[in-house]
Amino acid sequence: MSLEETNPQGNNKPTDFIREAVAEDLKSGRFNYVRTRLPPEPNGYLHIGHVKAFMIDYLVAKENGGELVLRFDDTNPSKEETEFVEAIEEDARWLGIEWVKVTYASDYFGLLYDWAVQLVKKGLAYVDDQTPEEVSANRGTLTEPGKNSPFRNRSVEENLDLLERMKNGEFPDGSRILRAKIDMAHPNINMRDPAMYRIIHNPPHHRTGDAWKIYPMYDWSHGQNDSMEGITHSLCSLEYENHRPLYEWFLDQLGVFKPRQIEFARLNMNYTVMSKRKLRRLVEENIVNGWDDPRMPTLRAMRRRGYTAEAVLEFIRRVGVAKNYSVSAVSLLEACVREDLNKAALRRMAVIRPLKVVIDNYPDELVEEMDAVNNPEDPSAGSRKVPFSKVIYIEQDDFRETPPPKYYRLFPGNEVRLRYAYFVKCTHVVKNDAGEVVEVHATYDPTTRGGDSADGRKVKSTIHWVSAAHAKEVEIRMYDRLFTKEDPEEGDEGFLNCLNPKSLEILTGYVEPLLATPEVGSRFQFERLGYFCVDKDATPKKPVFNLTVNLKDAWAKMEKKGK
RNA sequence: UGGGGCAUGGUGCAAUGGCAGCACACCAGCCUUUGGAGCUGUGGAUCUUGGUUCGAAUCCAGGUGCCCCAGCCA
């Protein structure tokens with residue numbers, strides 16, 4: 001096989017069974033173009049699980065020189081709102097997804113009704129007067145066939161008349177449905193005379209208002225809309241596999257353009273929940289502070305937390321596409337976020353759990369401007385000045401009165417480097433009545449300015465600091481996983497019983513003067529701590545920083561293991 | 001006891017009858033003015049039984065396990 005045949009584009013694109021199927025269809029001539037569709041129902045906010053499906057639809061079209069249509073699946077007025085249409089578009093745009101047009105299932109209500117009339121005329125659909133309970137009881141079970149409706153053999157004329165009167169609003173909700181006439185004994189339950197239209201008088205539809213009193217079911221709408229729009233590949237998740245025979249049945253009976261439906265495994269992630277119902281409970285029961293609470297798996301939440309679209313996309317790329325049921329690790333997402341932010345985030349010094357240090361031999365009134373590198377990964381980011389003085393704050397974690405083995409940081413008698421400043425050696429501590437260390441005293445070596453010793457002596461640790469007199473007090477929001485279990489839905493106690501009580505911790509810390517009035521949304525690496533971004537709650541008086549993701553902490557891991 | 005689908009290191013994905021590989025995680029080391037980043041290295045997987053074949057993760061048959069389906073939701 002030649003290189004051209006295996007690799008028409010001449011590059012090594014990642015491949016998967018969907019892309020292979022699409023390539024086959026193009027090669028065999030089943031289709032001579034590619035058009036996919038993004039079919040969200042506007043009934044909630046997008047979460048990380050949607051991103052996988054969105055990117056498959058978008059990239060399959062893009063890689064094949066095709067088009068993507070953003071089509072809102074708004075066939076059920078009781079669940080859908082315009083607010084979500086806008087939110088979904090905004091989130092999808094943030095991801096960088098491009099579509100040629102926005103359409104709505106409701107755009108096709110008229111045409112779809114005509115198609116339904118066609119099926120009725122062909123004797124392939126009928127109006128059923130059974131109650132919902134009767135319909136359900138007569139559907140049969142997984143192992144037993146269903147029973148035909150007593151209304152199944154109505155005349156075409158009667159069906160036509162009843163359908164029109166359903167449409168005109170003459171009948172109350174639940175009194176009748178239009179059903180496809182297929183086979184009540186079919187082993188696939190979706191084929192047992194599935195409902196096509198149901199009657200819904202209220203609420204009004206978010207776009208068509210009260211123009212319609214009947215609304216199509218997913219099965220009757222989706223495939224037909226795909227066909228009307230000339231969609232070639234209707235890509236969806238595995239639970240629709242059982243619907244494919246019905247998808248194809250409708251299109252075959254209608255004799256219209258027939259797209260190909262291909263199913264893939266949806267994205268699941270550990271330590272979170274993804275179902276709309278559960279996410280809604282978290283919001284409504286004030287377990288989180290809204291849909292954009294940085295602990296939520298929604299895109300708005302991740303954006304607010306400081307995740308970049310690039311990182312999210314890279315995560316999706318690494319997760320891949322297959323048909324296996326799988327649960328991806330949130331730690332992989334975090335790794336992608338770190339990798340992306342490491343390249344560009346400016347480094348700053350911040351102390352989130354302050355401990356006061358007095359450098360006794362440093363002149364009382366002296367202030368020195370220390371040179372600090374903005375980003376060691378990017379020399380073009382330059383450097384900045386950071387003021388240094390006699391009283392500073394360091395991290396509580398960076399001092400121990402009695403150090404455990406392998407602890408290299410500050411403790412009585414030990415010398416460390418203050419990043420970009422001086423070597424300091426701890427001399428003694430001051431304690432409060434409770435016996436807690438409230439102040440550490442140290443001396444500095446004036447010959448080590450900038451952080452290098454003249455005599456070549458080494459220190460094993462470098463710690464960060466801020467000058468107490470120059471620091472800005474800020475609010476720091478430390479986020480952790482919302483749940484303590486990898487699978488919060490597992491077991492009988494339910495997802496609300498494994499909430500992580502420490503998923504949000506609000507701290508008051510200090511940052512270097514350059515961060516006194518940061519721009520909302522800007523991202524920084526607080527050295528040795530993690531990546532942080534400025535929350536929308538920030539005010540000039542009190543900046544607020546969200547923890548985006550922590551830095552890998554080898555010492556914390558070591559210490560934990562030692563216990 | 002119906003139908004549809006899926007089984008590869010801890011996790012996620014490759015290998016399309018020909019040396020089981022990649023990423024994250026893990027472990028060890030090097031380096032380091034971030035115990036960060038980076039670099040090097042180690043360990044660990046084809047659900048099971050049989051068959052076809054010179055050769056099987058891949059093909060065939062049986063078994064086992066997991067997921068989906070009985071909305072007038074999508």
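Because the structure is a prediction, the values reported are computed rather than measured. No hydrogens, no waters, no symmetry mates; every other heavy atom, side chains included, goes into these values. Lettering follows sequence order; numbering is per chain, from 1.
The distance between the ring centers of A:Phe532 and A:Phe524 does not fall below 6.0 angstrom. Residues A:His206 and A:Phe84 place their aromatic rings such that the two centres sit no closer than 6.0 Å. A ring-centre distance under 6.0 Å is not found for A:Phe388 and A:Tyr420.
A:Tyr407 comes within 4.0 angstrom of a nucleotide base, judged by non-hydrogen atoms across all strands. Residue-level contact check: A:Tyr408 touches the bases, meaning some heavy atom is under 4.0 Å from a base atom. Nucleic acid contact class of A:Asp452 (heavy atoms, under 4.0 Å, all strands): base. The residue A:Ser461 sits apart from the nucleic acid: no heavy atom pair falls under 4.0 Å. Among the heavy atoms of the strands lying under 4.0 Å from A:Glu41 are primed sugar atoms or P, OP1, OP2 only; no base atom is included. Within 4.0 Å of A:Glu144, counting heavy atoms only, lies no atom of the nucleic acid at all. Heavy atoms of A:Asp73 sit under 4.0 angstrom from primed sugar atoms or phosphate atoms, though from no base atom. A:Arg417 comes within contact range of at least one nucleobase, with a heavy-atom separation under 4.0 Å. As judged by a 4.0 angstrom heavy-atom cut-off over every strand, A:Val327 is placed among residues touching the sugar-phosphate backbone only. Using a 4.0 Å heavy-atom distance criterion, A:Pro376 is classed as a base contact. Among the protein residues, A:Val321 comes within range of the sugar-phosphate backbone only, with heavy atoms under 4.0 Å from sugar or phosphate atoms but none that close to a base. A:Arg338 comes within 4.0 angstrom of no nucleic acid atom, judged by non-hydrogen atoms across all strands. Residue contacts shown for A:Ser326 are limited to sugar-phosphate atoms, with no base heavy atom under 4.0 Å away.
Contact annotation: A:Arg139 side-chain N/O to B:C69 OP1/OP2 distance is not under 4.0 Å. Remark: A:Lys460 is not in phosphate contact with B:G35, judged by side-chain N or O atoms under 4.0 Å from OP1 or OP2. Checking the phosphate oxygens (OP1, OP2) of B:A25, a side-chain nitrogen or oxygen of A:Lys552 falls inside 4.0 Å. Checking the phosphate oxygens (OP1, OP2) of B:G71, a side-chain nitrogen or oxygen of A:Ser136 falls inside 4.0 Å. Distances shorter than 4.0 Å separate some side-chain N or O of A:Asn324 from OP1 or OP2 on B:A7. In terms of phosphate contacts, A:Thr141 brings no side-chain nitrogen or oxygen within less than 4.0 Å of OP1 or OP2 of B:G2. Between B:U11 and A:Asn270, no contact under 4.0 Å exists linking OP1 or OP2 to a side-chain N or O. Of the side-chain N and O atoms in A:Lys458, none sit less than 4.0 angstrom from OP1 or OP2 of B:U32. Close to B:G35, at under 4.0 Å from its OP1 or OP2, lies a side-chain N or O of A:Arg528. A sub-4.0 Å separation between OP1 or OP2 of B:G3 and a side-chain N or O of A:Thr143 is absent. A sub-4.0 Å separation between OP1 or OP2 of B:C22 and a side-chain N or O of A:Arg317 is absent.
The nucleotide B:U52 finds no pairing partner, because no Watson-Crick or G-U wobble arrangement with both distances shorter than 3.5 Å includes it. Base pairing of B:A15 is not made with any nucleotide, judged by Watson-Crick or G-U wobble geometry with both donor-acceptor distances under 3.5 Å. Judged by Watson-Crick or G-U wobble contacts below 3.5 Å, the nucleotide B:G43 has no partner. Across all strands shown, B:U32 has no partner, as no Watson-Crick or G-U wobble contact with both distances under 3.5 Å is found.
Screening A:Lys425, A:Arg417, A:Arg457 for a salt bridge (charged side-chain N to carboxylate O under 4.0 Å, His left out) involving A:Asp445 leaves a single residue, A:Arg457. When the options A:Glu512, A:Glu527, A:Glu395 are evaluated for a side chain to side chain donor-acceptor pair (under 3.5 Å) with A:His464, the one that passes is A:Glu395. Under the side chain to side chain donor-acceptor pair (under 3.5 Å) rule, A:Arg71 has a single partner from A:Asp226, A:Asp107, A:Thr103, which is A:Asp226.
Glycosidic conformation of B:G71: syn, with the torsion inside 90° of 0.
The base of B:A74 sits within donor-acceptor range of the side chain of A:Tyr240, with an N or O pair under 3.5 Å. With hydrogens and angles left out, the side chain of A:Arg409 and the base of B:G35 share a donor-acceptor pair within 3.5 Å. With hydrogens and angles left out, the side chain of A:Glu377 and the base of B:G36 share a donor-acceptor pair within 3.5 Å. If you check distances only, the side chain of A:Asn188 never reaches the base of B:G4 with a donor-acceptor pair under 3.5 Å. Side-chain atoms of A:Asn190 and base atoms of B:C69 include no donor and acceptor less than 3.5 Å apart.
For the pair A:Gly174 and A:Ala554, both in contact range of RNA chain B, the more 5′-proximal nearest nucleotide belongs to A:Ala554. Position along RNA chain B of the nearest nucleotide to A:Leu551 versus A:Ala335 favours A:Ala335 as the more 5'-ward residue.
Aromatic ring orientation, A:His243 versus A:Tyr218: perpendicular (interplanar angle above 60°, classes split at 30° and 60°).
Note on A:Asp193 versus A:Arg179: no salt bridge recorded, every NZ/NE/NH1/NH2 to OD/OE distance being 4.0 Å or above.
Here B:A70 is the nucleotide among B:U34, B:A70, B:C24 with the atom lying nearest to any side-chain atom of A:Leu142. With B:C24, B:G12, B:G71 as the candidates, the nucleotide lying closest to the side chain of A:Ser328 is B:G12. Distance from the side chain of A:Lys557 is smallest to B:C27 among B:C13, B:C27, B:A74.
For B:U53 and B:G44, the P atoms lie 33 Å apart once the distance is rounded to whole Å.
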